[in-house]
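A short write-up of the structure that comes next.
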Number of protein chains: 2
Amino acid sequence: MRAPKETFSYPYPHPAVTTDVVVFTIRDERLSILLVKRANPPHQGEWALPGGFLAIDEDLDACAARELREETGISGVYLEQLYTFGATHRDPRERVISVTYYALVPQDALATPRAASDAADVGWHPFEKLPDLAFDHADIIAMAHQRLVAKLDYSTIAFQFMPEVFTLSELQCVYEVLLNQSLDKRNFRKRILSLELIEETGKLRRSGKHRPAREYRVKHPKRVEIIK
Amino acid sequence: MRAPKETFSYPYPHPAVTTDVVVFTIRDERLSILLVKRANPPHQGEWALPGGFLAIDEDLDACAARELREETGISGVYLEQLYTFGATHRDPRERVISVTYYALVPQDALATPRAASDAADVGWHPFEKLPDLAFDHADIIAMAHQRLVAKLDYSTIAFQFMPEVFTLSELQCVYEVLLNQSLDKRNFRKRILSLELIEETGKLRRSGKHRPAREYRVKHPKRVEIIK
DNA sequence: TTGACAAGGTGTACGGACGACACTATGTTA
DNA sequence: TAACATAGTGTCGTCCGTACACCTTGTCAA
């Protein structure tokens with residue numbers, strides 16, 4: 001962070017614009033969110049979403065991706081604009097408009113994200129027991145969660161949580177965690193396979209003292225399709 | 001518009017923030033959008049969405065509602081945030097982030113919206129044959145239309161197009177226009193009535209030389225519910 | 001007055017999708 | 001080789017969505 005010597009002037013007051021990102025993953029069969037502990041005021045020492053100020057020549061999507069990469073080391077993941085929060089006093093420093101995003105990262109990636117310069121700490125927190133959050137970030141998370149669950153129903157967004165290869169049981173587990181209910185194994189498999197979006201790798205996954213499971217992969221891993 | 005004497009300075013460059021609104025209605029059995037002709041540069045003389053700069057102490061929703069009221073005289077209608085557009089060169093003057101909204105207005109309201117000071121003209125344009133538009137407003141309209149059609153399926157948003165009392169044939173016509181396909185009368189009525197969201201007024205609508213239709217009203221006109 | 005007109009209003013039957021439900025298969029390990 | 005633990009599989013009933021045609025009722029003109 002450099003200390004600028006010049007200032008930037010406008011005939012009318014301008015708000016600051018930031019992006020903030022709600023990063024979801026599934027860890028230990030729990031939906032979890034990535035938070036950073038703020039190293040500086042305001043809300044110093046409190047947990048917050050990764051995010052920061054928009055550069056003047058930077059696209060919004062690029063800003064969200066950059067902040068995510070800088071503050072947590074995560075990149076190349078599914079990232080979608082969520083909503084723009086702009087209540088007048090949501091930031092005590094000045095008027096700040098936050099264009100929020102949500103991201104989905106596979107289970108195995110980034111077991112321990114790294115903390116950046118302006119973050120005292122970075123860590124995964126189960127959605128069910130989040131700490132108190134800075135600014136209006138709890139509202140942002142609530143909306144992101146609502147959107148995520150809604151999209152499960154009519155898109156293939158859940159595959160964004162999966163690693164490159166996975167078993168049907170693992171996939172079912174992801175759906176069960178997100179929907180917070182158990183699903184019938186036969187119906188689940190019937191529905192997923194009928195979408196014809198995943199294919200067998202031909203290999204088997206051996207783990208524990210039981211029958212090995214077939215491994216699958218997503219045919220088009222980056223694509224999120226609307227179904228039904 | 002006053003000419004300010006002071007200027008506003010920041011240690012880092014700040015973008016300007018605007019709201020723009022896509023106003024839909026149904027006129028003469030066509031989906032139509034309200035556009036204003038720009039009185040000032042840039043894009044002077046071109047058609048654009050109603051909208052304008054965010055006041056520094058104004059909430060985003062309030063800004064969208066105010067701009068809509070000031071530029072077109074419309075108020076009290078359904079208004080929902082759509083998406084935030086922020087490509088770096090979408091406005092030639094300076095960096096501008098636009099938080100966009102869409103609004104739905106009943107068929108009969110505002111047959112002739114009034115033009116405001118910074119608009120040379122205001123008028124309804126059929127969605128199927130829009131003129132060339134200023135900035136990236138064509139993209140904004142495309143996204144608003146997509147959202148509107150998607151919401152038809154899983155919400156009661158279509159009622160926002162209806163006047164206080166209406167007939168089932170009129171309601172069906174709205175759905176047919178939005179979905180761009182004709183619907184079976186019996187199935188349509190069965191589905192709508194099973195929602196139990198509208199009730200008979202007890203009156204009949206006489207028009208033309210045929211059997212009069214029953215009038216209905218929405219039980220909770222301001223509410224947009226998620227169905228299914 | 002009556003008959004033609006034009007839109008309003010109504011019920012049934014079929015097919016497909018979804019949900020409930022229980023047992024066999026297979027590799028591991030003791 | 002037997003117990004264990006998870007993998008993997010098919011049927012049947014129900015409900016919902018869709019297809020489909022005729023009678024009703026007020027108006028208007030002859």
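Each chain gets a letter, A, B and so on, in the order its sequence line appears, and its residues count up from 1.
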Checklist entry - Is the phosphate of D:dA3, meaning OP1 or OP2, less than 4.0 Å from a side-chain N or O of A:Arg211? => result no

Checklist entry - Starting at the 5' end of DNA chain D, which residue's closest nucleotide do you reach first, A:Glu215 or B:Asn187? => result A:Glu215

Item to check | Donor-acceptor side-chain pairing of A:Asp20 and A:Ser98 below 3.5 angstrom | outcome: yes

Checklist entry - Roughly how many Å is it from NZ in A:Lys228 to P in D:dC16, rounded to a whole number? => result 15 Å

Next on the checklist: Between C1' on D:dC12 and CG on A:Asp184, what's the gap in Å once rounded to a whole number?
Outcome noted: 14 Å

Item to check | Side-chain heavy atoms of A:Val36 within contact of A:Asp121, under 4.5 Å | outcome: no

Checklist entry - Are A:Glu58 and A:Arg66 ion-paired here, with the side-chain N under 4.0 Å from a carboxylate O? => result yes

Checklist entry - So what does B:Arg191 hit on the nucleic acid, given a heavy-atom distance under 4.0 Å: a base, only sugar-phosphate, or nothing? => result nothing

Checklist entry - Just how far, in rounded Å, is P of C:dA17 from CD1 of A:Ile227? => result 14 Å

Checklist entry - D:dT25 P sits how many Å from B:Leu204 CG, rounded? => result 11 Å

Checklist entry - Given atom CG of A:Leu193 and atom P of C:dC18, what is their separation to the nearest angstrom? => result 14 Å

Next on the checklist: Can you tell me which nucleotide in D:dC20, C:dG27, D:dT27 comes closest to the side chain of B:Arg206?
Outcome noted: D:dT27

Next on the checklist: In whole Å, I'd like the distance from the CG atom of A:Leu171 to the P atom of D:dG8.
Outcome noted: 12 Å

Checklist entry - Within the pair A:Arg214 and D:dT9, is there a side-chain N or O less than 4.0 Å away from OP1 or OP2? => result yes

Checklist outcome for this item: Rounded to whole Å, the CD1-P distance (A:Ile192 to C:dC18) equals 12 Å

Checklist outcome for this item: Of A:Gly208 and A:Arg186, the one whose nearest nucleotide on DNA chain C sits closer to the 5' end is A:Arg186

Item to check | Nearest-neighbour nucleotide for the A:His210 side chain, D:dA5, C:dA6, D:dG10 considered | outcome: D:dA5

Checklist entry - Want to settle it: does A:Ala213 or A:Lys209 sit nearer the 5' end of DNA chain D, counting the closest nucleotide to each? => result A:Lys209

Checklist entry - Rounded to whole angstrom units, what separation is found between the CD atom of A:Gln172 and the P atom of C:dG19? => result 13 Å

Checklist entry - So, A:Phe161 versus A:Phe159, ring centres under 6.0 angstrom or not? => result no

Next on the checklist: Would the base of D:dA7 count as contacting A:Arg189 through its side chain, where contact means a donor and an acceptor less than 3.5 Å apart?
Outcome noted: no

Next on the checklist: If you only use heavy atoms from C-beta on, which nucleotide in D:dC20, D:dT11, D:dG8 is closest to the side chain of A:Lys185?
Outcome noted: D:dG8

Checklist entry - Reckon A:Ser169 touches a base, only the sugar-phosphate, or nothing at all at heavy-atom distances under 4.0 Å? => result sugar-phosphate

Item to check | Pair of N/O donor and acceptor under 3.5 Å linking D:dT9 base with A:Lys190 side chain | outcome: no

Next on the checklist: Under a 3.5 Å threshold, yes or no: a donor from one side chain and an acceptor from the other, between A:Glu80 and A:Tyr101?
Outcome noted: no

